[in-house]
Every structure is written in structure tokens, then in C-alpha cells.
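FYI, side chains are in, hydrogens and waters are out, and symmetry mates aren't considered; it's all heavy atoms of this structure.
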Amino acid sequence: SMPQGASDVPSGPTTTILYEGSEFDFGTIDEGEIVKHLYKFKNTGDVPLIISNCKGSCGCTVPTWPKEPVPPGGTGEIKVEFNSKGKPSAQRKQVTVTANTTPTETFLVIKGEVRGKEQPVAKGN
């Protein structure tokens, strides 16, 4: 049987992706705020760049990506929203970008400090 997720990997010619900045530090925010950031990228290879999936490391991190192929030399952007609700303390979330690139997976990081609300937080969850 095929390994899980093998069908997600695009076959055929591959290209390369270059991010303007793959890591974003949002600084310090108050718990409950939503951070939005655009990660700009360029297709630095010779074939159209096709992003098949982007997945956040948790449900609080939601990526939106171009569904159309990006031509060689063309640019695009991936929007990431991080919802800090219920997430006090230092945060570092990763978005996995799956595309017809070498390597198949590249990573975006959004990080920063979330200032908790004043009331004491219940322990354990």
C-alpha cells in the first residue's frame, strides 16, 4: 500500500521557490488578537509552480495560498492568520508548504509573544 500522504506529492517536472522572508516575528500581542502576514515568494525555476497544499502546525494557524500555477519568474503570496485566543506565552507556529518544488516541502514560521489576560489560567488541558 502507498505510504500515507504519498498521493499529495506532485509528480512531473519540479521547480524551486524562494521566499522573501520565511519567518515572521509579530512581536508582542494581547491574547485574542489575530495576526495576519503575507509571505511573498518567487518561482525561481523553469516550470510553473503549483502549490498543492499548505498546512498549519495547529488549528490556530490558517494559511491561504494561490490555487493557480505561478509562472517561472512569477511571484505570489501565502497569507497566514494566527489566532492567539487561548494561547498565552511564547508562540512559534509552522506552516508546511507542499508544492512541485525541490524539496517538496518548504516551511514558513510565524512567532512572537502572546501576553495573557489578567485572570489566572486553569492548569492542565
Checklist line | Ile110 side chain near Phe26 side chain, heavy-atom distance below 4.5 Å | finding: yes
Check: Is there side-chain contact between Tyr39 and Cys54, with at least one heavy-atom pair below 4.5 Å?
Finding: no
Item checked: N-O pairing of Lys111 and Glu23 below 4.0 Å -> yes
Check: Say you draw a straight line from CD1 of Ile34 to CZ of Phe82; how long is it, rounded to the nearest 0.5 Å?
Finding: 10.0 Å
Next item on the list: Answer yes when Lys79 and Glu81 have at least one side-chain N-carboxylate O distance shorter than 4.0 Å, and no when they do not.
Entry: yes
Check: Are Thr15 and Thr44 side-chain neighbours, meaning at least one heavy-atom pair lies under 4.5 Å?
Finding: no
Check: Is any side-chain heavy atom of Leu108 less than 4.5 Å from a side-chain heavy atom of Phe24?
Finding: no
Note to self: Under a 3.5 Å distance rule, please check whether Asn43 uses its side chain to pair with a backbone N or O of Gly74 as donor and acceptor.
What the structure shows: no
Check: Is the side chain of Ser57 donor-acceptor paired with the backbone N or O of Gln94 at a distance under 3.5 Å, no angle test?
Finding: yes
Note to self: Measuring only between side-chain heavy atoms, which start at C-beta, is Ile17 closer than 4.5 Å to Leu49?
What the structure shows: yes
Item checked: Note, Val95 side chain near Thr61 side chain (heavy atom, < 4.5 Å) -> yes
Notebook entry, point to check: For Asn53 and Trp65, what are the C-alpha separation, side-chain angles and deciding distance, and is it a side-chain contact (heavy atoms from CB on, under 4.5 Å)?
Noted result: CA-CA 8 Å; Asn53 197 20; Trp65 66 96; 3.6 Å; yes
